[in-house]
Every structure is written in structure tokens, then in C-alpha cells.
Amino acid sequence: MAIADDLKKTLTDPTPLYFAAGTADLAVQQAKKVPGLIEQLRAEAPARIEAVKNTDPKAVQEKAKGKAKEAQEAVTATVAEVLGAIDAKKIGETAQDLALRGVGVAAEYAVKAKEAYDKVAEHGEQTVRAWRGEVSEEIVDIAVVVEPEAEPVAAEPVAEPAAEPAPKKAPARKAAAKKAAAEPVDGS
């Protein structure tokens with residue numbers, strides 16, 4: 001029965017759909033930036049093409065030779081250092097240390113991936129609500145705090161007592177709030 005429950009939970013979880021909606025919305029937002037980038041490239045392209053035309057091939061070749069020579073010297077020095085420091089016991093300890101670091105890094109990336117997934121899914125949920133025209137939960141929470149819930153209505157009609165009940169304080173507060181909102185506020 002646990003498999004059926006797991007399957008039911010998986011099939012009724014809307015998070016992957018919210019993730020897809022959030023991804024689509026973020027893609028649309030990024031796509032809206034493309035025309036501006038194309039216009040910028042179009043404006044910069046002639047200057048870049050002219051700069052490439054005006055470069056001296058010999059100067060580029062000399063610069064590339066210099067960089068290649070520097071890289072070769074750095075690699076040679078590194079290889080000499082590594083070969084000089086070879087020790088079987090040290091290699092084993094280093095390999096074990098690297099393996100443990102790899103596990104830690106993998107766990108860290110898994111946590112970051114889950115956080116990013118949840119963030120995009122939350123964005124997708126808000127996007128779906130906006131598409132549906134639903135109000136966000138924060139607005140509902142604020143409304144509940146500002147306006148206390150209405151008293152529950154009884155299922156059966158209750159006979160009213162002959163004497164009038166004492167006036168409630170809530171209408172007085174609402175009237176005072178309306179009066180305060182109607183009065184002009186002095187900026188001085």
C-alpha cells in the first residue's frame with residue numbers, strides 16, 4: 001500500500017508543474033531582452049569588424065607565440081613540482097582527501113539545486129496564480145489580520161431575545177476608521 005500512496009503523492013504534487021510554469025515565465029522574461037541585445041550588437045558590429053581588419057597578423061602571431069611559451073614553461077614547472085613531490089603514502093592520503101571533498105561538494109551542489117528548484121517552483125506558482133487571476137496568499141493573510149473573521153452563522157434560526165443587545169464595538173471602530181480616512185491630513 002505504501003507504493004500506491006507514494007505514487008498518489010507523486011502524481012498529485014503540483015510542484016513539477018509549477019517549476020515548468022516558472023521556467024517558461026523566466027524564459028519569456030529573458031526572451032524580451034533579446035531585441036535590445038541584437039540592437040546593441042548591430043550598433044557595435046561595424047567597430048569590431050573594423051578593429052579586426054586593422055590588426056596586424058604578425059603582431060597577433062607574436063602575441064600567441066609568447067602566450068604559448070609562457071604556458072609551456074608553467075606546465076613544465078608544475079610537472080617537475082609534482083614529480084618531485086611523489087610519495088606513495090602521500091598519494092593515498094591525497095586521494096582519500098579528494099574523494100571526501102568530492103562527496104562534500106556533491107552534497108553541497110545537491111542542496112543548491114534543490115533550493116534553486118524550489119525557488120523556480122515558487123515563482124511558477126505565483127505565475128500560475130497571476131494567470132488565473134487569484135490573489136496571493138500574502139494579501140489574503142493581510143486581509144485576515146485587518147478584517148476579523150465574520151461570526152459563524154448558526155445552522156438553525158435562533159430566536160432573538162426581546163431586549164436589544166448591547167451595541168458591538170467593531171462597528172464603532174470601523175466608523176472611527178472611516179472618519180479618520182475622510183479627514184484631510186496636514187503635511188505641516
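In this structure, Gln29 places its CD atom where more than 12 heavy-atom neighbours from other residues, nucleotides or ligands lie under 6.0 Å away.
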### Query
Given the rule in the side-chain hydrogen bond (donor to acceptor under 3.5 Å, both in side chains) test, do Gln40 and Glu44 qualify, once you have shown the distances and angles that lead to the verdict?
CA-CA 6 Å; Gln40 179 183 359; Glu44 293 175 0; 3.2 Å; yes
### Task
Report the C-alpha distance between Lys114 and Asp118 in whole Å, list the side-chain angles of each, state the deciding distance to 0.1 Å, and finish with yes or no for salt bridge (charged side-chain N to carboxylate O under 4.0 Å, His left out).
CA-CA 6 Å; Lys114 176 66 174 148; Asp118 290 343; 3.1 Å; yes
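Annotation: the span from Thr94 atom OG1 to Gln96 atom CD amounts to 10.0 Å, rounded to 0.5 Å. The distance from atom CD of Gln72 to atom NZ of Lys69, rounded to the nearest 0.5 Å, is 8.5 Å. Taken to the nearest 0.5 Å, the NZ atom of Lys63 stands 10.5 Å off from the OG1 atom of Thr55. In this structure, the separation between CD on Gln30 and CG on Leu37 is 9.0 Å, given to the nearest 0.5 Å. From Thr127, atom OG1 reaches atom NE2 of His123 across 3.5 Å, with rounding to the nearest 0.5 Å.
Side-chain N or O atoms of Asp25 include none that pairs as donor or acceptor with a backbone N or O of Ala21 at under 3.5 Å.
Using a 4.0 Å cut-off between a side-chain N of Lys or Arg and a carboxylate O of Asp or Glu, Glu108 and Lys112 qualify as a salt bridge. Residues Glu125 and Arg129 are paired through a salt bridge, judged by an N-O separation under 4.0 Å between the basic side chain and the carboxylate. Ion pair Lys119/Glu122 not flagged as a salt bridge, since none of the NZ, NE, NH1 or NH2 atoms sits closer than 4.0 Å to an Asp/Glu carboxylate oxygen. Between Asp97 and Arg101 a salt bridge is recorded (basic side-chain N to carboxylate O distance below 4.0 Å).
Side-chain contact between Pro16 and Tyr117 is present, with at least one heavy-atom pair separated by less than 4.5 Å.
The hydrophobic cluster containing Trp131, built from Ile/Leu/Val/Met/Phe/Trp/Tyr side-chain heavy atoms closer than 4.5 Å, also comprises Tyr18, Val128.
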